[in-house]
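Being a predicted model, the structure only gives us computed values, none of them experimental. We name chains A, B, ... by the order of the sequence lines, and we start the count at 1 in each one.
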There are 2 protein chains.
Amino acid sequence: MNLRQLSEVLGLSQTTVSRALNGYPEVSEKTRVRVREAAERHNYRPSLRATSLATGRTMMIGHVIPLSAREEMVNIIFTDFLAGAGEIYAQNGYAMRLSVVSDADEVEIYEDMKANGVVDGVLLHAPSENDQRIPLLDSLKLPFLVHGRATGTETPYSWLDVNNRRAIQRATEHLLELGHRRIALLNGLESYDFAIRRRSGYLGALEAAWIAADTSLMRSNEMTEPFGYKAGGEMLDQPNPPTAFIASSFVMALGVRRAIEERGLIMGRDVSVVCFDDDISYLPNGSDKPIFTALKSSVRAAGRRCAELLIAKINDEMPEEQHEQWEAELVIGPSTGPAPSES
Amino acid sequence: MNLRQLSEVLGLSQTTVSRALNGYPEVSEKTRVRVREAAERHNYRPSLRATSLATGRTMMIGHVIPLSAREEMVNIIFTDFLAGAGEIYAQNGYAMRLSVVSDADEVEIYEDMKANGVVDGVLLHAPSENDQRIPLLDSLKLPFLVHGRATGTETPYSWLDVNNRRAIQRATEHLLELGHRRIALLNGLESYDFAIRRRSGYLGALEAAWIAADTSLMRSNEMTEPFGYKAGGEMLDQPNPPTAFIASSFVMALGVRRAIEERGLIMGRDVSVVCFDDDISYLPNGSDKPIFTALKSSVRAAGRRCAELLIAKINDEMPEEQHEQWEAELVIGPSTGPAPSES
DNA sequence: TTGAAAGCGGTACCAC
DNA sequence: GTGGTACCGCTTTCAA
């Protein structure tokens, strides 16, 4: 049943039926009621295809997942963030359009989206330093919101980010207070802005404690378990191994844990591991070691907030660029482990 | 630049330009080349809004995530499965439409999708026993493919599923061979078909070994870390505790691990834990215990295959319903742990 | 081989 | 308050 058929059934014009259904004020109340009932009775649903052609709006929000960044994405963004955003989208009549795209097409896809007119706005994930997608989206006049930030970008843009720098700084300070002096950082790919900020927090805390950074204790790569295992193991096999690790993600921390246990070392006694993750908060904590992780609910809330801001933007309800920096809901504990043995 | 403008520039009709661009044979080769070049030069991109209204196809595939099943979804489906499906979609010009929906709207959303015409097909996740969505989608004539199976459904439908029953049966047999007699099952919600199959595999292995199932060793709930922790702990505190656990997901296994360690028990010596997960394969394995888990790559492949089948279905290239049951790529090892101590 | 014109199913301007 | 009608931008029949 389409609009024409419905209007014929009612003996009204398409115009009137359309207006009645969309809440225009000039329709008389009795007509509106009659139309609503008929629409309900005939199970009328307007075609979104037609509506979007006529109005230019698709009620879709684009999320682009570059193929190369899959590992990062899977860790950082997917699941809770998307679930949170999806809830808000649903409440506002939007749906999420997810496209996995090979890196070569990364630039073109935004131009396509604009020209095709398949989305009303875009949510940008995992920006890199001076991310080129931001000026691109800006010039395309496609409303967008960045989850994270891109240092070095002069184009004004709205973003929402967790305070990555402070989170890792606190983690480092925490380990320093426990007496650790050789603290390793297993970071995500430092082409991503969040990883740069995390490193900065790590370095800041060390500097404040008058400890020189040791590059043999700093590694950066895809945030996977195998990398945590490999890098962690190599560091432990060094002449002067670390007594504590800060992992940039949960799965990395699992890898480190495996490396530790394989060498007959005891987590929390010989080596401490701390991790920060936007996504999963389940760091196994039976043994005597610190936990340091953002909560799932915090990420979901971030997804919700991003969605709200983006929708406001699409509806032109945002007068100027908005920026929100969140403190991660960090958890430390329950037991923090002893100081490292003197070496 | 739209079709009309392009055709004016070329001094051709919209018809010819459209045909040239869409590879219709009746266009002369020189015209086609000329049109292609002009389209390229003017950066012409056809509006998907208009195309989909005209053709009735949207090049979108719907995935529905019920709000209540979020936890399950996040574990089972999201990430690798979606990434795999997304790759295939992209290769074929499709995109994924993800909608998070409250449970009350679960039925209506499919009717909406059909009437709205926003998707060309639907991928169904986490079916329950006798899932009502299957006859619904069938009657709506909306092409769909089920990831998983729904026992008790008489409507014919295409599905792709991992062999959940055999996977858990093998896990159980494995623990039995190690000498375990009190093996606990922490299952997902048994309203889901996969959970029913897993339980069946567990019971089958016990029965074959002439061991009576003990309901105090069987629990079913959302597959979260807290549930694994709680249920695992309660079982361990029983007068006659289990010597081994089979967890239906990775995060559940982490919860069990926490419960074990909190009680001063040693993983792999006092208690063994085995888990099966479609998603994450990072069961920490430093200590002496069995690992039993499906691989990430296997799930990604499943996503790809599902997408392929669904696209074939949408394009009417599938003569009859297709069913594929996959053996999970299971990993056992590296060390299997000793037999439980006599009690 | 090319073109004119009628859809697809709505929205919104302009009359009445 | 209601209706006629010209779009939105592409596909597709039918005629030339």
Okay, side chain of [X], backbone of [Y]: is any donor-acceptor separation there less than 3.5 Å?
| X | Y | result |
| --- | --- | --- |
| A:Arg49 | B:Gly56 | yes |
| A:Arg97 | A:Met60 | no |
| A:Gln5 | A:Asn2 | yes |
| B:Arg32 | B:Ala20 | yes |
| A:Thr58 | A:Ser52 | no |
| A:Ser158 | A:Gln322 | yes |

| request: Would you mind listing every salt bridge (Lys or Arg N to Asp or Glu O under 4.0 Å) that reaches into residues 314-323 of chain A, with sequence neighbours excluded? | output: A:Lys313-A:Glu321
| task | With a 4.0 Å heavy-atom cut-off, tell me which residues in residues 38-49 of chain B come close to DNA chain D, sorted by residue number. | result | B:Tyr44, B:Pro46, B:Ser47
| task | Go through residues 7-24 of chain B and report each residue with a non-hydrogen atom lying under 4.0 Å from DNA chain D, sorted by number. | result | B:Gln14, B:Thr15, B:Ser18, B:Arg19, B:Asn22, B:Tyr24
| How would you list all residue pairs meeting ring pair (Phe, Tyr, Trp, His ring centres under 6.0 Å) that involve residues 84-119 of chain B, not counting sequence neighbours? | B:His63-B:Tyr89
| said: Please verify the inter-ring angle class for A:Tyr157 with A:His323; under 30° counts as parallel, over 60° as perpendicular, anything in between as tilted. | reply: perpendicular
| End-to-end bend of the helix from C:dT1-D:dA16 to C:dC16-D:dG1 (five-pair axes, 10° rounding)? | 40°
| Rounded interatomic separation in angstrom, taking CD from B:Glu26 and C1' from D:dT11 | 12 Å
| Tell me: CZ of B:Arg4 to P of D:dC8, nearest whole Å? | 7 Å
| message | Applying the side-chain contact (heavy atoms from CB on, under 4.5 Å) criterion to B:Arg19, which one of B:Val17, B:Thr15, B:Asn22, B:Leu21 satisfies it? | response | B:Thr15
Spacing of [atom1] belonging to [X] relative to [atom2] belonging to [Y], to within rounding of 0.5 Å:
| X | Y | atom1 | atom2 | result |
| --- | --- | --- | --- | --- |
| B:Cys306 | B:Leu124 | SG | CG | 10.5 Å |
| A:Ile311 | A:Met318 | CD1 | CE | 10.5 Å |
| A:Leu6 | A:Arg45 | CG | CZ | 13.0 Å |

| request: Using chain B heavy atoms and a threshold of under 4.0 Å, write down where along DNA chain C the contacts begin and end, 5' to 3'. | output: C:dT1 to C:dG9
| message | Students often get this wrong, so: under 4.0 angstrom with heavy atoms, is B:Thr31 touching a base, only sugar-phosphate, or nothing? | response | sugar-phosphate
